[in-house]
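Report on one structure; see the data block that follows.
This chain uses plain numbering: 1 for the first residue, then up along the sequence. Just so we're clear, the structure is a prediction, and the values are computed from it rather than from any experiment.
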Amino acid sequence: MSVFSGNCLCGKISYRCYSKPNTIFNCHCVDCRRATGSVFGTNLFVPENKVEIQGKVSSFTHKSDSGSTMTKLFCPNCGSLLFGRNSAKPNVMSIRAGTVEQVEMIKPLVNVFVISKIPSTPIDENLKQAARMPS
């Protein structure tokens, strides 16, 4: 039985995850802001081998500022960004929180890349903060 599930805007891509998230971050890096079209992205990190994807996703690959290869996976029909991979973190997949059906489980633990946060973006001061991505 899956722990959580979700889908893209048009419904052509859906997924089930058979693991609770290892962690949940709000990321304020420029890449996440541009990829999501929002002031930050919220990501659930899970073991990649615990995610079952229905439908064919498209991908975009680029280098992060640390030099690792980042891959964004999205719906080729509606453009919804659903997943991400980082070559520095094998078997870890990020799932974009806005695609999750069980919204009550989205409880970020930390704001990362606050060094590049848009100044007017309010953040929950009760959450941990990291200037960059913690190791």
Could you check if a side-chain atom of F4 sits within less than 4.5 angstrom of a side-chain atom of E101, using non-hydrogen atoms only?
no

Could you check if a side-chain atom of V92 sits within less than 4.5 angstrom of a side-chain atom of N86, using non-hydrogen atoms only?
no

Is it the case that atom CG in L9 sees more than 12 heavy atoms from other parts of the structure closer than 6.0 Å?
no

Write out all pairs satisfying ring-ring contact (aromatic ring centres under 6.0 Å, His included) with one or both partners inside residues 102-133, taking only residues at least two apart or from two chains.
none

Any donor-acceptor pair under 3.5 Å from R16 side chain to V51 backbone
no

Per side chain to side chain contact (heavy atoms under 4.5 Å, CB included), I123 is matched among N26, N111, V39 by N111

Quick one: pull up NZ in K107 and CE in M105 and give me the separation to the nearest 0.5 Å.
9.0 Å

Considering all heavy atoms, the nearest F74-S59 contact:
CE2-C, 3.6 Å

Note: A131 and I115 closest approach over all heavy atoms is O-CG2, 3.0 Å

What's the spacing between C8 SG and R96 CZ if we round to 0.5 Å?
14.5 Å

Closest approach of P108 and T42, non-hydrogen atoms and distance?
CG-CG2, 4.0 Å

Quick check: Y15 with F83 (ring centres under 6.0 Å apart)?
yes

Side-chain contact test, heavy atoms from C-beta onward, threshold under 4.5 Å: evaluate it for V110 versus L127 and give yes or no.
no

Minimum heavy-atom separation for S19 to V46, with atom names?
O-CG1, 4.3 Å

With rounding to the nearest 0.5 Å, note down the distance linking CG in N43 to CD1 in I106.
10.5 Å

Nearest-0.5 Å distance that lies between atom NZ in K72 and atom OG1 in T36
9.5 Å

To the nearest 0.5 Å, tell me how far L73 CG sits from I53 CD1.
6.5 Å

Hydrophobic clusters here meaning ILVMFWY residues chained together by side-chain heavy-atom distances under 4.5 Å, can you tell me if M70 and L81 are in one?
no

Nearest 0.5 Å, what's the CG-CD1 distance between L82 and I13?
7.0 Å

Aromatic contact between F25 and F45, with the criterion being ring centroids under 6.0 Å apart: yes or no?
yes

Side chains of K63 and S68, donor plus acceptor under 3.5 Å
no

Verify same cluster id: Y18, V3 (apolar side-chain graph, 4.5 Å)
no

Closest heavy-atom pair, H28 versus S116, reported as atoms and distance to 0.1 Å, is O-OG, 3.1 Å

Check the pair R85 / E48 against side chain to side chain contact (heavy atoms under 4.5 Å, CB included), numbers first and verdict last.
CA-CA 9 Å; R85 292 187 188 115; E48 184 171 3; 2.5 Å; yes

Using the rule given for side chain to side chain contact (heavy atoms under 4.5 Å, CB included), can you reason through N7 versus T99, listing the C-alpha separation, both sets of side-chain angles and the distance that settles it, and then say yes or no?
CA-CA 6 Å; N7 56 270; T99 68; over 6 Å; no

Could you go step by step and tell me if Q102 and S5 meet the side chain to side chain contact (heavy atoms under 4.5 Å, CB included) rule?
CA-CA 7 Å; Q102 295 78 10; S5 57; 3.3 Å; yes

On a heavy-atom basis, the closest approach of V103 and V100 is CG1-O, 3.7 Å

Would L109 and K128 count as a side chain to side chain contact (heavy atoms under 4.5 Å, CB included) here? Give the steps.
CA-CA 7 Å; L109 302 173; K128 293 179 189 174; over 6 Å; no

